[in-house]
Asks: 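Pasting a structure below so you can have a look.
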There are 2 protein chains.
Amino acid sequence: MLVGDRIRLSDVARAAGVSLATASKALNGSGRMTAETRERVRQAAEAMGFRPNAMARALSSQRSFTVGLLTNDGYGRFSMPVMAGVAEALVDQGVSVFMCGIEDDAALGRLHVEAMLDKQVDGIICSGKRIDRRLPVDLSDLPVPVVYVFTDAPEGAVSLVSDDAQGAREAAEWLAGLGRRRLAHVTGPASFASARERARVFREVTGPDSTVLHGAWSEAWGHEAVARLWDGSAPPPDGLFCGNDQIARGAVDALRERGVAVPGDVSVVGFDNWEIVAAATRPPLTSIDMNLKDLGREAGRLMLALSEGRAVEPGVRRQPCRLVVRQSCGGGSAR
Amino acid sequence: MLVGDRIRLSDVARAAGVSLATASKALNGSGRMTAETRERVRQAAEAMGFRPNAMARALSSQRSFTVGLLTNDGYGRFSMPVMAGVAEALVDQGVSVFMCGIEDDAALGRLHVEAMLDKQVDGIICSGKRIDRRLPVDLSDLPVPVVYVFTDAPEGAVSLVSDDAQGAREAAEWLAGLGRRRLAHVTGPASFASARERARVFREVTGPDSTVLHGAWSEAWGHEAVARLWDGSAPPPDGLFCGNDQIARGAVDALRERGVAVPGDVSVVGFDNWEIVAAATRPPLTSIDMNLKDLGREAGRLMLALSEGRAVEPGVRRQPCRLVVRQSCGGGSAR
DNA sequence: CCTGCATGAGAAATCGCTTTCCCAAGGGGC
DNA sequence: GCCCCTTGGGAAAGCGATTTCTCATGCAGG
């Protein structure tokens with residue numbers, strides 16, 4: 001793929017018959033020279049397959065064209081799509097991503113952050129698995145910009161989260177639009193801000209005393225919630241909005257077991273659009289996708305802006321979610 | 001966390017009353033000087049919170065203390081644990097990891113590899129999601145060492161995979177040890193080398209004409225396989241070894257639906273030990289764990305050796321799998 | 001008492017590129 | 001026709017380490 005020694009800028013300069021300085025400026029679009037000169041250098045570089053040594057460039061320009069991505073999501077459920085998005089936004093700017101999983105280990109976090117700083121990263125993107133908790137590292141007072149994604153961020157920071165309210169509204173209105181009138185929301189612990197926020201909006205759409213059940217983020221809880229809702233003490237729901245796909249799957253399984261048809265008798269919407277769960281459910285789940293890759297992509301863009309010294313409005317940015325229709329709701333494929 | 005300008009080596013040297021050269025050697029353990037001098041420099045560095053500039057160090061020493069991790073596993077199912085292992089093995093050597101997901105896009109692969117090379121990585125770890133397929137990039141003739149993990153590798157390369165044969169034997173013998181005598185193996189497509197190898201060993205343990213069913217790697221296939229095995233034409237198995245946890249889950253669900261008790265009537269072992277699937281199954285799955293993090297850790301060690309110029313025996317290294325006992329088999333928690 | 005060699009430490013070159021002056025030449029204004 | 005300003009391009013000083021020599025110094029050997 002690459003043979004022999006790497007071509008240096010000085011080689012290109014010599015070939016193009018210009019000085020080192022001119023060659024550098026030509027390729028970077030800086031400095032002043034005739035278009036003809038610039039082009040000649042470009043051609044030479046191109047022809048020789050010149051690739052600048054990023055280390056040298058970083059050392060003198062004080063920009064390393066690398067960013068660090070810190071995450072405590074060891075599983076990758078959230079951080080993999082975010083990383084993919086970040087990388088996508090940055091790769092053609094020549095920026096690479098150091099990825100560091102730190103779980104919830106503060107010492108490990110510090111270690112990695114220091115390693116990043118030593119490597120002169122142009123910025124750090126900090127991502128989590130929950131928007132109301134922070135990673136066990138203090139990223140304030142760092143000599144580089146920081147962008148927070150899908151995690152809680154300090155006051156005045158640049159941060160990016162998915163729009164729980166809009167996602168929940170999307171789900172509830174979809175169920176309502178299908179003609180479902182007795183809706184219930186089965187979600188995770190009320191200790192999660194996301195769970196509370198989605199529940200709030202769910203009530204906003206369906207009425208202040210519609211049913212909201214908090215529990216674990218598990219299939220088991222989905223099961224149990226169905227058992228409660230169908231205990232005969234009240235007319236059961238005809239639409240279920242679940243806080244994540246695992247709960248939804250548990251619920252759908254429980255409904256099947258008790259002979260309730262999905263989507264015939266009940267429509268179910270999940271949250272997360274976790275392919276592996278949503279697609280394996282019978283029937284496959286209609287679900288809210290948080291567009292994590294988009295979140296990552298936007299984070300990448302913001303990081304880029306910041307590292308180029310462009311000003312970025314601080315504060316929390318909420319990115320919209322998107323309803324992905326499968327078969328657990330019936331109804332058209334409209335939207 | 002860090003305040004003001006970074007301390008440079010020259011600052012340390014001045015503070016310790018030695019030259020730049022001596023300071024460098026003192027901190028790197030190279031050169032010759034009295035223990036007292038060395039220690040004095042160390043103390044000064046420590047006291048001033050000196051952190052060497054990795055770029056500068058890389059530029060002159062020709063080692064960047066970074067490695068690239070290439071993967072086509074966009075989901076992170078395999079690459080996240082591998083990355084965690086790699087990072088764990090390298091972090092206290094001060095080595096950071098560039099992570100690049102390239103899916104199956106050859107152009108993207110080339111782009112990322114070139115970016116890595118520009119950044120002077122000390123080596124590249126190439127990881128996949130299937131041991132009999134390669135990534136769409138040519139990593140031969142690179143100016144840096146390459147280690148392959150969980151992917152097919154060219155002749156003569158250094159490569160690391162999990163030991164399918166040992167894992168399969170572990171599973172089959174566990175079932176046999178539980179007194180199960182009519183064993184069946186339900187697994188993925190025979191086009192997968194892993195599926196074939198595990199099936200081979202399964203037969204080696206259970207007899208040449210024991211049942212092996214190939215299908216998709218899905219829950220749906222687990223269902224269907226159970227339907228076939230329990231169609232009444234033959235005495236059904238009392239032990240099921242499934243090719244992955246999804247198949248196992250499908251099978252367990254199907255068994256429950258037809259009133260067959262797990263683990264009462266049938267013991268089921270899965271493969272992958274994918275927590276999210278294995279733990280949510282009712283009952284939770286006993287499964288074979290491929291120890292991917294260990295695989296990554298070992299890959300990190302090999303990479304380190306290679307990048308330090310130490311010789312590494314080429315060839316395929318197989319790392320053992322491990323049986324994780326949950327409740328789908330009954331029997332003791334022995335082992 | 002002089003030569004020789006091991007030893008501790010420093011001067012300076014280098015790594016490959018960026019960037020800041022600085023200078024020569026050409027052109028326009030008065 | 002003189003002067004000043006614009007313009008294209010180059011020389012050289014870093015960036016912050018590593019590393020190769022080189023050089024005093026002190027001690028042992030003859």
Asks: Can you measure A:Lys119 atom NZ to D:dG16 atom P for me and round it to whole angstrom units?
Replies: 18 Å

Asks: Rounded off to whole Å, could you give me the CG-to-P distance for the A:Leu27 and C:dT18 pair?
Replies: 8 Å

Asks: Please give, in whole Å, the distance from D:dG8 P to A:Glu39 CD?
Replies: 16 Å

Asks: Distance check needed: D:dG16 C1' versus A:Asp118 CG, whole Å only.
Replies: 13 Å

Asks: Please check: side-chain N/O of A:Asn28 versus main-chain N/O of A:Ser24, any donor-acceptor pairing under 3.5 Å?
Replies: yes

Asks: For a quick test of reading the model, state the closest non-hydrogen atom pair linking A:Asp289 to A:Asn291 and the distance between them.
Replies: OD1-N, 2.5 Å

Asks: Within the 4.0 Å limit for protein heavy atoms, which parts of nucleotides 7-15 of chain C are touched? Write it as a string from 5' to 3', B for base, S for sugar-phosphate only, - for none.
Replies: BBBBBB--B

Asks: B:Arg63 CZ to D:dT18 C1': how many Å, rounded?
Replies: 14 Å

Asks: If you apply the rule salt bridge (charged side-chain N to carboxylate O under 4.0 Å, His left out), what do you find for B:Arg133 with B:Asp152, and how did you get there?
Replies: CA-CA 5 Å; B:Arg133 284 283 182 279; B:Asp152 188 36; over 6 Å; no

Asks: Over how many whole Å does the gap from A:Leu9 atom CG to D:dG14 atom P extend?
Replies: 20 Å

Asks: How close or far is atom P of D:dG16 from atom CZ of B:Arg6, stated in whole angstroms?
Replies: 10 Å

Asks: Tell me whether B:Arg8 forms a cation-pi arrangement with B:Phe50, defined as NZ or CZ under 6.0 Å from the six-membered ring centre and within 45 degrees of its axis.
Replies: no

Asks: Rounding to an integer number of Å, can you tell me how far A:Arg57 CZ sits from D:dG16 P?
Replies: 18 Å

Asks: Which atom names give the shortest non-hydrogen contact between B:Glu275 and A:Tyr75, and what distance separates them?
Replies: N-OH, 4.3 Å

Asks: Any chance you could lay out the salt bridge (charged side-chain N to carboxylate O under 4.0 Å, His left out) test for A:Glu298 and A:Arg317, step after step, and finish with the verdict?
Replies: CA-CA 10 Å; A:Glu298 186 59 18; A:Arg317 289 164 165 70; 5.1 Å; no

